[in-house]
Undergrad: 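Please find one structure pasted underneath; my questions will follow.
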Amino acid sequence: MRVRGWRPGAVGALAGVVLLVGCRETPPDGAGGTASVASPVRPSGYGAVFLDVGECSSFGRTRFTEVSCASERAAARVTARHDGTARDGPPCPPTTDFVLHISEQWPAADEDGDGMVPRGYACMRHLQPPHPGDPGGGGGPRTVVGDCVYALDGGRVRETACDGRGPGEPEFKVTKAVDARSGCPASTVLYVRLGGAAPVGCAVPV
């Protein structure tokens, strides 16, 4: 029996906070719930645009600031930056390590004097390994070819590192991305929704 997996869109931003999102679980169609951590951010005002493409954020799991990429405090770089919400906007690059969801109201980081920073999201890549967004890395906001998953109850799957160092033993590996299920090879035992131009992931046992 073939199981179908589904990856939901990222959770929208809340006023006054940044959400650090690393999608781990792939619930069935219609279910909600990606795990996310609310992370208050105190913008430093380093760049003309808060966390613009090519700029860097500091270390931390509960608090982030924008810093010079040459700083010893720099931990991750913005690879893409979009207004609005990640659910409705363009997807982050496939090897994104995590996503920062940016608040609407930060007068301290105001760019044009109107009293607010536009709501948006920044796709982040760590400056140093490990990179959970890499194929087989066991994390990141997107599932990509080369990633591994293991089965949960209710037809769900969860991403894990292919080297076995993740939260669960890898059971399936996404080997191909196609337009429709019919494009998957005969060895496919699991379908995973990837999004993008080739939204169906074909997974085989590992």
Side-chain angles (χ1 to χ4, degrees), residues 7-25 34-106 108-111 117-148 158-163 165-167 194-196:
R7 293 192 69 83
V11 181
L14 302 177
V17 301
V18 161
L19 297 183
L20 168 61
V21 176
C23 299
R24 291 291 192 275
E25 187 171 329
T34 51
S36 60
V37 179
S39 305
V41 174
R42 296 189 182 278
S44 67
Y46 178 80
V49 176
F50 180 59
L51 286 179
D52 202 359
V53 174
E55 293 176 344
C56 292
S57 69
S58 65
F59 292 92
R61 285 191 169 274
T62 61
R63 197 175 297 273
F64 290 83
T65 58
E66 182 182 308
V67 297
S68 167
C69 291
S71 168
E72 63 181 13
R73 298 176 57 217
R77 189 187 304 271
V78 181
T79 59
R81 174 78 152 79
H82 304 287
D83 292 337
T85 66
R87 180 182 297 275
D88 301 321
C92 284
T95 56
T96 298
D97 288 329
F98 63 97
V99 179
L100 290 179
H101 293 259
I102 299 169
S103 167
E104 292 180 329
Q105 297 182 354
W106 274 328
D110 190 11
E111 299 158 8
V117 173
R119 184 181 189 183
Y121 57 100
C123 308
M124 309 297 294
R125 173 88 172 168
H126 294 307
L127 295 180
Q128 302 292 334
H131 294 289
D134 282 352
R142 297 180 59 181
T143 298
V144 298
V145 172
D147 279 342
C148 293
R158 179 174 294 172
E159 189 176 329
T160 189
C162 290
D163 62 9
R165 292 186 294 180
L194 305 181

Undergrad: Does a side-chain heavy-atom distance below 4.5 Å link F50 with E55?
TA: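 Answer no - side chains too far apart.
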Undergrad: Could you report the tightest heavy-atom contact between T96 and M124, atom names first, then the distance?
TA: CG2-O, 3.5 Å
Undergrad: Can you tell me how far the CG atom of D52 sits from the CZ atom of R81, to the nearest 0.5 Å?
TA: 7.0 Å
Undergrad: Could you check whether any side-chain heavy atom of R119 comes within less than 4.5 Å of a side-chain heavy atom of T85, counting everything from C-beta outward?
TA: yes
Undergrad: Shortest non-hydrogen contact from D147 to C162?
TA: C-SG, 3.9 Å
Undergrad: Nearest heavy-atom pair of G138 and E159: which atoms, and what distance?
TA: C-OE2, 3.4 Å
Undergrad: Please check: side-chain N/O of R77 versus main-chain N/O of C69, any donor-acceptor pairing under 3.5 Å?
TA: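 Checked: no pair found.
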Undergrad: Show the nearest heavy-atom pair for residues D97 and H126, with the distance to one decimal.
TA: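 Shortest heavy-atom separation between D97 and H126 comes out as OD2-N, 2.8 Å.
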Undergrad: If we ignore hydrogens and angles and just use 3.5 Å, is the side chain of S58 paired with the main-chain N or O of T65 as donor and acceptor?
TA: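 Yes: the side chain of S58 pairs with the backbone of T65.
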Undergrad: Quick one: closest heavy-atom pair of D83 and Y121, and the distance?
TA: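 Minimum heavy-atom separation between D83 and Y121: O-CE2, 4.0 Å.
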Undergrad: Work out which heavy atom in A161 is nearest to a heavy atom in G137; give both atom names and the distance.
TA: CB-O, 3.9 Å
Undergrad: Quick one: OG on S57 to CG on L100, what's the gap to the nearest 0.5 Å?
TA: 6.0 Å
Undergrad: Should the pair D134-R125 be classified as a salt bridge under the 4.0 Å nitrogen-to-oxygen rule?
TA: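 A salt bridge links D134 with R125.
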